[in-house]
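This report refers to the structure that appears directly beneath it.
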Number of protein chains: 2
Amino acid sequence: MGRRSDALRKGDLREQALLDAAEELLTRTGFERMTVEDIAKGAGISRGSLYFYFGSKHDVLAALVARTMVDIVQDAARAAEDTATPPPQAIERALDHTERMWREHGTVMRAAVEQAAANPAVGRSWDETVEAFAAAMREVLVRAGLPDGDAPTDAGALARTLCWMTERSYYRACAEDGDALDRTTQTLREVWLRVIAAQAH
Amino acid sequence: MGRRSDALRKGDLREQALLDAAEELLTRTGFERMTVEDIAKGAGISRGSLYFYFGSKHDVLAALVARTMVDIVQDAARAAEDTATPPPQAIERALDHTERMWREHGTVMRAAVEQAAANPAVGRSWDETVEAFAAAMREVLVRAGLPDGDAPTDAGALARTLCWMTERSYYRACAEDGDALDRTTQTLREVWLRVIAAQAH
DNA sequence: GAAAAAATTCAGCACCATGTAGACTCTCTG
DNA sequence: CAGAGAGTCTACATGGTGCTGAATTTTTTC
């Protein structure tokens, strides 16, 4: 039998090469305009061969998004460990971290947002990622004194909404120049801080 | 010459019928899955004839979105006229209004969000609409005492960011049941009110 | 190091939706 | 009623996708 013991098969490299090529094309031409043949050619194989690795063009994107999301949540998990930092600093740090993520993985993240509706797998990846951030920020809001509950005005719902605000803002800023990301972080910080500073009414 | 005098040409009705059919299909099958032939058939003409009215499938969506946006901004303009209401009530009213819009035009608005990136015309319509709301809400924030300027932490940027938060939240809630929209409004109100309640730091 | 099994590759086909071309009908106008 | 523009349709060309099945290479096993 041809069972492998070592994990580094030729195909694994090819698979990564395909994802690399897809990422490259994503930045240059966008998802719609890039064709399956382009991706395959970018990795040095024929179009037909690509279908050995991925079932469809959407599968390629789903895998690429998944690969990127792993990076992101790993990175975020490390940062969220220190439960001692006071909320304002925790917010500051989380925003800086998120901004960097958008700077480094902007094209993939943008594609993820845009294809989330049309591509269930991508949608799920993205949702989970944002939800993970929301869970972490919920803790911060609770430490800041917001009501710890599941009502629409409690920490959980507020954190989730603010995280989606953050997502949306960076998504838009990413399409502009690098300064836009900078300004966006300032605006977002102001909103987050105001939310934890205000008294309940 | 065959110049018509009455404004109600046969084609105008057909054009509306096509948009109606497109809207109907949008709710049932989504943009990707719906085909040009489906739209044409829905309006009782052949696929080829549709191209007399619209240059492409994307054009149909752009026209449909434009038609809906006209409704929405007209409605919003009327509501935003009373500059006398105190900020908290103005926010309350704006959110209720927006929620109703998502209830009534949810499918078109969702499609607009999803296709905004792939369809420049749709993207522009949507941007303008949200921007119009942001401009109105900026006034409210100023009346609430936020700094009236163009810096990233002034009323303008805050209003814009909060409007995109609102957009994103309703977009997501719209995919769930009707209660979700209700809860979303409560959460959004809490955020908006907290932002105007907090002191600058 | 040969045979067997698995992994990988590719060319070619079938399909489906899009968009275009050209001919045909309808209706209004002068 | 003739002519022009509006509206309609069938037929075709295009392009990208996904599949299939056979050839080829790599890896494992004995």
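Every chain is numbered from 1, with letters handed out A, B, ... down the list of sequences.
Listed nucleotides: D:dG18, C:dT9, C:dT18. Nearest to the side chain of A:Ser56: D:dG18. Of the candidate nucleotides C:dA11, D:dC9, D:dT17, C:dA11 has the atom lying nearest to any side-chain atom of A:Ser46.
Phosphate proximity of C:dT9 to A:Tyr53: present, with a side-chain N or O under 4.0 Å from OP1 or OP2. At C:dT9, none of the side-chain N or O atoms of A:Ser49 fall inside 4.0 Å of OP1 or OP2 (strictly under the cut-off). Checking the phosphate oxygens (OP1, OP2) of D:dC19, no side-chain nitrogen or oxygen of A:Tyr51 falls inside 4.0 Å. For C:dT18, the OP1/OP2 oxygens have a side-chain nitrogen or oxygen of B:Thr35 closer than 4.0 Å. Dashed line: the shortest gap from a side-chain N or O of B:Arg14 to OP1 or OP2 of D:dT8 is under 4.0 Å.
The backbone N or O of A:Gln115 lies less than 3.5 Å from no partner atom in the side chain of A:Asn119, so there is not a single donor-acceptor pair. In this structure a side-chain-to-backbone donor-acceptor pair under 3.5 Å is missing from A:Asp154 to A:Gly156.
In this entry the distance linking CG of A:Leu50 with P of D:dC19 reads 12 Å, nearest Å. Remark: P of D:dG16 and NZ of A:Lys41 are 11 Å apart, rounded to the nearest angstrom. We find that CZ of A:Phe54 is positioned 16 Å from C1' of C:dT9, with the value rounded to whole Å. Per the geometry, CD belonging to B:Gln16 stands 13 Å off P belonging to D:dG7, to the nearest Å. Nucleotide C:dT27 holds its C1' atom 15 Å from the CG atom of B:Asp12, rounded to whole Å. Atom CZ in B:Arg47 sits about 10 Å away from atom C1' in D:dA11, given to the nearest Å. Nucleotide C:dC16 holds its C1' atom 16 Å from the NZ atom of A:Lys57, rounded to whole Å. Rounded to whole Å, the distance from CG on B:Asp38 to P on C:dT18 is 8 Å.
Remark: A:Asp96 does not engage A:Arg189 in a salt bridge, criterion side-chain N to carboxylate O under 4.0 Å. Using a cut-off of 4.0 Å between Lys/Arg side-chain N and Asp/Glu carboxylate O, A:Arg28 and A:Asp38 are scored as not salt-bridged. For the pair B:Arg124 and B:Glu128, the salt-bridge criterion is not met [side-chain N within less than 4.0 Å of a carboxylate O]. A salt bridge links A:Arg110 with A:Glu114; the closest basic N to acidic carboxylate O contact falls under 4.0 Å. The pair B:Asp148-B:Arg143 fails the salt-bridge criterion, with no side-chain N (NZ, NE, NH1 or NH2) lying under 4.0 Å from an Asp/Glu carboxylate O.
Using a 4.0 Å cut-off on heavy atoms, none of the residues of residues 110-125 of chain A approach DNA chain D.
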